[in-house]
Amino acid sequence: MNEYITIKEDGIVEEEIKKSRFICHLKRVKTEDEARDFIHRIKKEHHKANHNCSCFILGENAEIKRSSDDGEPSGTAGVPMLTVLEKQGLTDTVAVVTRYFGGIKLGSGGLIRAYAGSVAKAITEIGTVLVKEQEGITVHLDYAQYQEFANWRNKHGLEEYDTQFLADIETTIYTDKNQVAMILADLEDFYRGKVKAEQTASRVVEIPLH
């Protein structure tokens, strides 16, 4: 699979701009039907809102892109929202920004800043992840060795998965295929040869981005 970036999780972030409420809803989706169903659900949930503007990007290569101004002046909502997703390098993501008009007109420039800013703020608060396939390395440790394991992992920016605390500890880390040999050698060196580790099955992992 190709690696790609998407949002860390679904979420809602709200802010007020010149008395108008802007509510950004972000969701991870895999298909166009999923994206459109989500947009429809938000429109139904916020049917009293003035606008529910939307956009989405799909595909590992971000090949499917759609946007809607939902009644706002052309080019002031959907496209600016989509541009934020593009600049962040996101895919498999749908954004809907609900606007409850507060009585003060924002003008075209103000609308563009508000809708784009609402999506950007939501992405920042919710976070993003890099999704990619990596090779597994299963490590067997005694409890004394495990106390130092976090220090070694942090040095390489690795996360651990499926940790089992039995008579000894078994845990799995994931790394890029071209890093496996180096990681195994460094692990051997860190524990002065007194640790058992072997390459195991690969899996798709999500690496938090900052």
Side-chain angles (χ1 to χ4, degrees), residues 3-32 34-62 64-72 75-104 106-132 153-154 157-161 174 204-210:
E3 61 183 59
Y4 62 93
I5 300 171
T6 189
I7 53 172
K8 183 178 180 181
E9 58 191 3
D10 301 345
I12 302 171
V13 175
E14 180 176 343
E15 62 179 330
E16 183 177 305
I17 302 173
K18 292 186 177 179
K19 298 187 177 179
S20 283
R21 288 174 63 202
F22 287 85
I23 309 167
C24 182
H25 318 259
L26 291 180
K27 182 174 177 59
R28 288 170 67 161
V29 289
K30 278 292 184 184
T31 67
E32 198 159 345
E34 277 186 82
R36 295 193 185 282
D37 286 347
F38 178 70
I39 293 167
H40 178 73
R41 180 166 68 79
I42 297 302
K43 285 186 173 183
K44 187 175 181 180
E45 182 181 334
H46 292 277
H47 64 277
K48 293 184 179 180
N50 299 86
H51 307 278
N52 287 286
C53 304
S54 60
C55 68
F56 58 84
I57 299 180
L58 299 171
E60 288 184 14
N61 297 309
I64 300 173
K65 300 178 182 182
R66 304 284 186 269
S67 65
S68 169
D69 294 313
D70 194 43
E72 291 282 29
T76 62
V79 170
M81 292 165 57
L82 183 66
T83 299
V84 173
L85 298 187
E86 290 173 329
K87 286 183 176 179
Q88 296 274 1
L90 297 176
T91 190
D92 288 357
T93 303
V94 56
V96 182
V97 175
T98 298
R99 182 191 183 193
Y100 286 90
F101 183 54
I104 300 175
L106 301 180
S108 295
L111 288 172
I112 291 170
R113 287 190 295 273
Y115 280 103
S118 181
V119 175
K121 178 180 173 67
I123 292 170
T124 298
E125 292 195 14
I126 291 169
T128 58
V129 289
L130 175 64
V131 182
K132 65 191 303 186
R153 280 195 304 103
N154 291 337
L158 299 170
E159 301 290 332
E160 64 178 284
Y161 300 82
Y174 291 88
V204 176
V205 299
E206 298 185 1
I207 304 168
L209 300 174
H210 305 289

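Just so you know, these numbers come straight off a predicted model, no measurement behind them.
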Query raised in the report: Do you know the tightest heavy-atom contact between Pro208 and Val129?
Result: CA-CG1, 4.0 Å
Query raised in the report: What is the distance from atom CG of Leu82 to atom OH of Tyr115, rounded to the nearest 0.5 Å?
Result: 15.5 Å
Query raised in the report: Hey, what do you get for CD (Glu16) to OH (Tyr100), rounding to the nearest 0.5 Å?
Result: 14.0 Å
Query raised in the report: Do you know the tightest heavy-atom contact between Leu58 and Glu32?
Result: CD1-N, 3.3 Å
Query raised in the report: Counting only N and O atoms by type, is there a donor-acceptor contact under 3.5 Å from the side chain of Asp70 to the main-chain atoms of His51?
Result: no
Query raised in the report: Between the side chain of Ser68 and the main-chain N/O of Gly78, is any donor-acceptor distance below 3.5 Å?
Result: no
Query raised in the report: Do Arg28 side-chain atoms and Asp92 backbone N/O form a donor-acceptor pair below 3.5 Å?
Result: no
Requested in this report: Describe, in one word, how the ring planes of Phe38 and His25 are oriented to each other, choosing from parallel (under 30°), tilted (30 to 60°) and perpendicular (over 60°).
Outcome: perpendicular
**Report entry** Interatomic spacing from CD1 in Ile42 to CD1 in Ile12 - rounded to 0.5 Å
**Finding:** 6.5 Å
Query raised in the report: Rounded to the nearest 0.5 Å, what separation is found between the OG1 atom of Thr128 and the CD atom of Gln88?
Result: 6.5 Å
Query raised in the report: Any donor-acceptor pair under 3.5 Å linking the side chain of Thr6 with the backbone of Thr91?
Result: yes
Query raised in the report: How far apart are the closest heavy atoms of Ser67 and Val79, and which atoms are they?
Result: OG-CG2, 3.8 Å
Query - Within 6.0 angstrom of Arg113 CZ, more than 12 heavy atoms from elsewhere - result: no
Query raised in the report: Can you name the residues that form a side chain to side chain donor-acceptor pair (under 3.5 Å) with Lys8, not counting sequence neighbours?
Result: none
Report task. Find the distance between CG (Asn52) and CD (Glu72) and round it off to the nearest 0.5 Å. Result -> 10.5 Å
Query raised in the report: Distance only, no hydrogens: is a donor on one side chain within 3.5 Å (strictly under) of an acceptor on the other, for Ser108 and Thr76?
Result: no
Report summary line: Between Phe22 and Val97, the two heavy atoms sitting closest are CD2-CG1, 3.9 Å
Query raised in the report: Within the distance-only criterion (no hydrogens, no angle test), does the side chain of Arg66 pair as donor or acceptor with the backbone N or O of Phe56 below 3.5 angstrom?
Result: no
Query - Lys43 backbone acceptor or donor facing His46 side chain under 3.5 Å - result: no
Report task. Return yes if some donor-acceptor pair links the side-chain N/O of Thr124 with the main-chain N/O of Ala120 below 3.5 Å, else return no. Result -> yes
**Report entry** Spacing of Met81 atom CE and Cys53 atom SG [to the nearest 0.5 Å]
**Finding:** 6.5 Å
Query raised in the report: What closest approach, in Å, do Ala114 and Leu106 show between heavy atoms, and which atom pair accounts for it?
Result: CB-CD1, 4.1 Å
Query - Heavy-atom closest pair, residues Ser54 and Val96 - result: CB-CG2, 4.1 Å
